[in-house]
Amino acid sequence: MHTKTIAELSRELHSGSISSVELTRHFLSRIRQHGDTLNAVITVTEEQALEEARAADERMAAGKAGVLTGIPLLHKDLFCTRGVRTSCGSRMLDNFIAPYDATVVERMRSAGMVMLGKANMDEFAMGSSNENSYYGLVRNPWEIDHIPGGSSGGSAAAVAARLAPVATGTDTGGSIRQPASMCGITGLKPTYGRVSRWGMIAFASSLDQGGPLATSAEDCAFLLGAMAGFDPRDSTCIDQPVPDYVTGLDADLSGLRIGLPKEYFEEGLDPGVASAIEEAIAVFKDLGAEFREITLPNAHLSVPAYYVVAPAECSSNLSRFDGVRFGHRCTDPKDLVDLYERSRGEGFGDEVKRRIMIGTYALSSGYYDAYYLKAQKVRRLISEDYRRAFESVDLILGPTSPTPAFRIGEKVDDPVSMYLSDTYTIAVNLAGLPGMSIPAGFVGGLPAGLQIVGNYFDEARMLNAAHRFQQVTDWHSRIPRNFA
Ligand code: GLN
């Protein structure tokens, strides 16, 4: 059951050959079986899942089911889930039971999906390796002494190991695409404003965007269709109709103009990853796509600009966690200052503290113009690069991450080298564009991902290209050997 796609599972649910309760039990038992090895799930909501599965089966029997009804999923643990702990991977929110559902959660629920639990993640979504979680690191199912990528590492590892057919994630600088790439699955970060951020615990509000992680582009299309759309509770959510992402999947790619940014194939790119991308390009050529070289001259500024903008926004967003309004409170504070200092000192981990300090510094009077404002200007230049590129191409292709998954512990003491693993993904967030990562091969047993970037609200075209690629390749259907 766990090797099937949503379309296949849905057909079986509709034909009555399996029930959602059976399917849910199957995935719950896989989570139990592999839970300790991967540590991909923070909270398993077994009873609630079975209840939801029963409700899905009833809905099915009543003839009111859609494609997603009865399909199990995991939510990254920063989507608020009513009555269920929403920890954000942090001690700060270890005892936080969300009083409401995030819009994404609510939409999945009303489609009849079954929540299996909450996926592990880097604390407050800050990280590229999932080593920053209060609940312990997550392991890569392909090589368990390697990281799964981050910050949606739990979601990606769980889907790769088939502990859930699909999962939600969020992407502020690469956190859906980079772990999808490192775990050999398909992940999509929508256009900023396509999916509501309401109930998604904020890291950097002008960059954060929720999206699906699944084994295939087709499954991402199903999920995105149910997730996307206007939400009056998020003022940055855009009121634009949601296309049917599934119908266009099979469209012919002849004449599709694809740009290859020369900056994405320079120094720093692992040769194994480079050759996987070259082979993928050849596949797209066979499918009728036309390639041309493009340039994104400010690409090299994306990591520095991001590491000013994102920490600045996080220092502001995380100020609410002070032990009074929200979050962990220390015991026996001697006065108010002591309460703030110890609550925040105990509640946050090192990486979160590092970002809060950088952000507070960059926003302080005297430095604001030199850092924050400057970074915002660079951000505009980066968006302009893409705008220009999209005048002559329909999609942009390149690697998702410069290297395959690295070893656990390899970069923990070197934050800058960790930050560079998002070098190809971050610019997409700064520009607010949609991007996805699809499996494109292996380098020494570890997956390599291909990134597809689209123009604003052009998710359908990215999904179409990804799906056509997946019809003629089988990278996305490979399963790590210990999880088959
Ligand atoms: N790795 C990047 C960071 O640590 C991106 C994280 C994300 O997209 N949430 O900020």
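All of these numbers come straight from a predicted model, not from anything done at the bench. All residue numbers in this chain count up from 1 along the given sequence. All ligand and atom numbering here is 1-based and tracks the order in the structure.
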Relative to the ring of Phe390, is the ring of Tyr386 parallel (under 30°), tilted (30 to 60°) or perpendicular (over 60°)? parallel
Quick one: are Leu318 and Met92 in side-chain contact, heavy atoms under 4.5 Å? no
Would you please name every residue forming a side-chain hydrogen bond (donor to acceptor under 3.5 Å, both in side chains) with Arg197, sequence neighbours left out? Tyr192, Thr236
Got more than 12 heavy atoms from elsewhere within 6.0 Å of OH, Tyr264? yes
Listing by chain and number, which residues have a heavy atom under 4.0 Å from ligand 1? Ala125, Met126, Gly127, Ser128, Ser151, Asp171, Thr172, Gly173, Gly174, Ser175, Phe203, Tyr306, Tyr307, Arg355, Asp422
With no hydrogens and no angle check, do the side chains of Glu123 and Ser90 hold a donor and an acceptor under 3.5 Å apart? yes
Keeping Arg107 on the side-chain end and Gly229 on the backbone end, is there a donor-acceptor pair under 3.5 Å? yes
